[in-house]
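Shown next, in structure tokens, is the structure this report addresses.
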Amino acid sequence: MVGTDEEIEHRIAALFREDSRRVLATLVRVLGDFDLAEEAMQEAFASALEVWRAEGIPGNPVAWLIGTGRFKGIDILRRRARLNDLQPELKRRADEIEESNLEFAERDIQDDRLRLIFTCCHPAIDPSVQVPLTLREVCGLSTGEIARAFLVSPSAMAQRIVRGKAKIRLARIPYAIPSREDLPSRLDAVLSVVYLIFNEGYCASEGDRLTRRELSEEAIRLARLLLELMPDAEVMGLLALMLLHESRRAARTTADGDIVLLEDQDRSLWDRDLIAEGHGLVERALASGRFGVYSLQAAISAVHARAASASETDWNRIVALYSALLAIHDSSVVELNRAVAVAMRDGPVAGLTLVDAILERGELMDYHLAHAARGELLRRADRPREAREAFERALALARLDPERRLLRLRIGELEVAIDAGRKES
Amino acid sequence: MKYLLLAYGTEEGWTDEEREACMQESLALCEDLRAQGKLMAASPLQSVATATSVRVRGGKAQITDGPFAETVEQLGGFLLIDVEHLDEALAVANRFPPARKGTVEVRPLHPLDGLD
């Protein structure tokens, strides 16, 4: 197929967006080095622009990019070898790569993504490095985006990623899917990284775009691959949790990007196929008896998905599931969510008592959602002045524009209510 | 890829039986590694009380009694192995008895052309 220059540029941009990590994952295996693979991939995309204009887009562009990337990698090594006589191993490596037999079958290319994620999440790499490394290498987020997500400077984040890649190279962390016996212990780190990736796509760190669908889909795809490899209850649980969240995507924001809270969502917009799949997985995970935090969170999400409306939700079951979750994972955020569920079951005052007790301990004082939840409960308890104050604290802490807009809207509504109250009295 | 496995631990706190069992188990591990062609060298070390440290400053050797640093846990032995990658080295460390009482540090060797 020969396209116009513009069509080709579009196609290459789309390929870069959708498939560059796949290309990279295979090039890391083929070239044996992260930085070389990255450089070779960039050159392959650059030459696609030239070659495809002249010869048309190849039938299998990903395979073309991998094959071209391999040659580019060999070229880069040879160029470096010519510039530096003191490093004979560069030429040796280039020759080795050239002679090696390559598997470019679809299955191998898929496995390369797993190799990449298991390598980035290797326990020999510090956890503070695993997550950003995976986001950078597996998901292709920019260092700047990752830095914002973790509230550190871009240069500090870049250093962390460099440190991770150096450890992989110098300690020779294998580019491999772990053996069956190692798999369970290696899986936990991977799951938490996958979930972080999903959340990066579901509530992205960028200021004004709440959703980045492709990242969430990427996380779901990775979870499906993991599930294929290992039908572990928690992989099912995590996949279910993400599918159930994803099912609400169309309903959770307005066309303008404003947030619609769960109870206000148009439930006819929820994706029933994703919900059905999520349900099936939750049931399998719970039935296995080996479930953990992801399965329980998915079970909570499934209760919401089953309810025809917020008021018809089985809050009793949700409170019980949160209690079970707290028993295996002691966390203030889980406690906060449980308090909100208690408020839905027993009324706002019951929830407020719990939320205030959590805030008094201090850990969640800088967590905007704790103050937003408190504001909402105060509003429902008919204490508008305190509610406004709580929402203002939440606003001062919130970073996402849609969240900030929602908080401003609430504050505005409360001001109207406070004014009306003043006039009445 | 060559890795040095350094066994750190306290010198006290071992019963004679434990020490003997550790030696026997380590010997068996070394036999196994040697049979696979993966063992380059291995040995337990005499107590840190026997250590002598040398520093050459301004061309003059300063010799002191004792290790380079006083630490709670001391280097008590090592394995030098030649395996494919870190996971294999970690699996060996996992079977190395001192890991159960102290810590085994796994360090890749820096390759140097002309040394092999």
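Because the structure is predicted, anything quoted here is derived from the model rather than measured.
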More than 12 foreign heavy atoms under 6.0 Å from CD of B:Gln46: is that the case here? no
Are more than 12 heavy atoms from other residues, nucleotides or ligands located less than 6.0 Å from atom CZ of A:Arg79? yes
Residues that A:Glu234 engages under side-chain hydrogen bond (donor to acceptor under 3.5 Å, both in side chains), provided they are two or more places apart: A:Ser295
Just to be sure I understand the criterion: a residue of residues 73-98 of chain B counts if one of its heavy atoms is under 4.5 Å from a heavy atom of chain A. Which ones qualify? B:Glu84, B:His85, B:Leu86, B:Asp87, B:Leu90
What's the spacing between B:Met1 CE and A:Leu170 CG if we round to 0.5 Å? 7.0 Å
Can you confirm whether more than 12 heavy atoms, excluding those of B:Tyr8, are under 6.0 Å from its OH atom? yes
Which atom names give the shortest non-hydrogen contact between A:Ala171 and B:Pro108, and what distance separates them? CA-CG, 3.7 Å
Within a radius of less than 6.0 Å around NZ of A:Lys91, do more than 12 heavy atoms belonging to other residues, nucleotides or ligands occur? no
